[in-house]
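The structure appears below as structure tokens.
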Amino acid sequence: MGGALPAGPHSAGLWALIRDHRPALEYDWRTRFGLGLTPFLRREMTWAEAWALTSQILRDPDSHTVASLLNWSYVPGSARQIGVDLFEGYLNAHRGKHTRPQSLPRPWTAGTAPDSGPLRPLTEEDRAQRALLDDLLFGRSAAEPTEPGGGATPPSP
């Protein structure tokens with residue numbers, strides 16, 4: 001296929017998932033594989049192994065990571081999704097003549113951006129603190145890539 005990605009770990013994508021969707025990814029790793037992200041972050045697991053696990057999570061439409069990427073407020077079960085679709089179909093099948101079909105809102109697509117708390121949108125101060133932590137932990141600026149492909153990887157000991 002012309003648009004297929006090459007095989008192997010996609011370090012920049014994995015690092016971005018960890019950085020931007022860590023709670024959801026951590027939850028999925030714990031529930032599906034019985035381990036958190038700690039072995040990977042401590043370099044007890046390779047990028048390839050971590051990507052292999054994560055790619056399976058990304059294929060599952062019921063995962064918290066996929067819901068986080070889609071900015072859903074929660075993960076709807078299959079029964080809930082089917083129920084909304086069936087009700088929408090019923091309403092449209094019984095609508096009057098010359099009325100437009102209805103598209104019901106999906107409550108889970110409301111978004112997850114609260115005004116306060118740990119899930120609130122990042123402020124400039126938050127970004128500055130993250131950059132400082134990146135510098136302290138990895139000896140580099142958060143904006144400065146360490147790989148030719150632009151991925152941010154921790155240095156080897």
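Across every non-hydrogen atom of Gly36 and Arg30, the tightest pair is N-NH1, 3.7 Å. Nearest heavy atoms, Glu88 versus Gln102: CG-O, 3.5 Å. Counting all heavy atoms, side chain and backbone alike, Leu14 lies closest to Ala50 at CD2-CB, 3.6 Å. The two residues Ala52 and Ser55 come nearest to each other via the heavy atoms O-OG, 3.0 Å.
For Phe87, the CZ atom is loosely surrounded, since the number of other residues' heavy atoms within 6.0 Å does not exceed 12. For CD of Glu125, the number of neighbouring non-hydrogen atoms (other residues, nucleotides, ligands) closer than 6.0 Å is 12 at most.
Between Tyr27 and His64, the angle of the ring planes lies from 30° to 60°, which puts this pair in the tilted group.
Applying the salt bridge (Lys or Arg N to Asp or Glu O under 4.0 Å) rule to pairs touching residues 60-80 yields Arg32-Asp60, sequence neighbours excluded.
Residues passing the side-chain contact (heavy atoms from CB on, under 4.5 Å) test with Leu37 are Ile18, Arg22, Leu25, Glu26, Trp29, Leu41, sequence neighbours excluded. Residues satisfying the side-chain hydrogen bond (donor to acceptor under 3.5 Å, both in side chains) criterion with Thr65, sequence neighbours excluded, are Asp28.
Using a 3.5 Å distance cut-off with no hydrogens or angles, the side chains of Thr46 and Glu49 do pair a donor with an acceptor.
Atom OG1 of Thr54 is separated from atom CZ of Phe33 by 7.0 Å, given to the nearest 0.5 angstrom. To the nearest 0.5 Å, atoms CZ (Arg95) and NZ (Lys97) are separated by 12.0 Å. To the nearest 0.5 Å, atom CZ of residue Arg130 and atom CG of residue Asp126 are 7.0 Å apart.
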Does Arg59 form a side-chain contact (heavy atoms from CB on, under 4.5 Å) with Val66? I'd like the steps, not just the answer.
CA-CA 8 Å; Arg59 289 185 177 129; Val66 169; over 6 Å; no

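Contact of the Leu17 side chain with the Leu69 side chain is registered, since non-hydrogen atoms from C-beta on lie closer than 4.5 Å. Inter-residue side-chain proximity for Trp51 and Leu58 is flagged as met; some heavy-atom pair is nearer than 4.5 Å. When side chains are defined from C-beta on, Leu35 does not count as touching Phe40, because their heavy atoms never get closer than 4.5 Å.
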